Structures are given as structure tokens and as C-alpha cells.
Colleague: 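What follows is a structure written as C-alpha cells; I'll ask about it next.
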Amino acid sequence: MSDDARGPDVCHAVTPLPVWAWVQFPTFHVRVKAFAKSWTRDAVLVEWAQFGQQAQAWVWRSAVKHRVLRVDADRRARAPDAG
């Protein structure tokens with residue numbers, strides 16, 4: 001993705017956020033468990049594991065959805081109710 005396509009004002013995550021992301025390859029698309037490392041108004045830089053290697057790509061923001069890590073979900077389930 002070009003700099004013009006992703007847009008200005010890149011924000012960088014202090015801690016990458018867990019996401020689901022649709023990644024486009026030349027002949028197919030695949031949904032991956034990824035981490036959002038940076039973003040703009042229009043695009044997100046995601047990183048994921050591919051064949052034992054780290055891969056990263058800028059994708060359109062609409063191709064990314066938040067996900068909850070299992071550890072986070074377990075912690076929430078065990079937390080006492082507030083109030």
C-alpha cells in the first residue's frame with residue numbers, strides 16, 4: 001500500500017493490539033490472527049505469523065476487527081463483579 005493510500009498521521013501502538021485481519025495476496029485473501037502495530041484514519045499495519053516467520057502488511061481499516069486474547073477472556077471471567 002502506498003503512503004498516499006494509507007494516509008498521513010501514523011499512530012504507533014505502545015503495545016500492539018490483537019486483531020483479526022483480512023490480508024490480500026496476489027491470488028487469494030486470508031483472515032489471520034494478527035496484531036495492529038500502527039494505524040492511520042484509513043489503514044492498519046498488522047503483523048502475523050506465517051510459516052514460522054513474522055509477516056506484516058498495511059491493510060484497509062475495514063479489513064481489521066478487534067479480537068480478545070484467550071488470557072484476557074479468562075481473566076475477565078474470573079474477575080469479581082463490580083458493585
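Atom set for the values below is all heavy atoms of this structure, side chains included, hydrogens, waters and symmetry mates excluded. A quick note: this is a predicted structure, and the numbers were derived from the prediction, not measured.
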Colleague: Specify the closest pair of heavy atoms between Ala34 and Val46, including all atoms of both residues, with the distance to one decimal.
Modeller: CB-CB, 4.0 Å
Colleague: Going by side chain to side chain contact (heavy atoms under 4.5 Å, CB included), name the residues that satisfy it together with Gln53, two or more places apart in sequence or in a different chain.
Modeller: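 For Gln53, no residue satisfies side chain to side chain contact (heavy atoms under 4.5 Å, CB included) once neighbours in sequence are set aside.
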Colleague: Mind checking the CZ-CG spacing from Phe35 to Leu69? Nearest 0.5 Å is all I need.
Modeller: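 If I round to the nearest 0.5 Å, the distance is 5.0 Å.
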Colleague: Taking only residues two or more places apart in sequence, or in another chain, which ones meet Ala43 in a side chain to side chain contact (heavy atoms under 4.5 Å, CB included)?
Modeller: Met1, Arg6, Thr40, Trp58
Colleague: Taking atom CD of Gln56 and atom CD of Gln50, what is their separation to the nearest 0.5 Å?
Modeller: 12.0 Å
Colleague: Please tell me whether Val44 and Val32 are part of a single hydrophobic cluster in this structure, the criterion being side-chain heavy atoms less than 4.5 Å apart.
Modeller: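 Linked within one cluster.
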Colleague: Output side-chain donor-acceptor pairs under 3.5 Å for residues 10-26, partner residues at least two apart or in another chain, one line each.
Modeller:
| from | atom 1 | to | atom 2 | distance (Å) |
| --- | --- | --- | --- | --- |
| His12 | ND1 | Ser38 | OG | 2.7 |

Colleague: When you compare the side chain of Arg61 with that of Asp42, does any pair of heavy atoms fall below 4.5 Å?
Modeller: no
Colleague: Would you say Trp48 ends up clustered with Phe28 if hydrophobic residues are merged whenever their side chains have heavy atoms under 4.5 Å apart, either directly or through other cluster members?
Modeller: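 Yes, same cluster.
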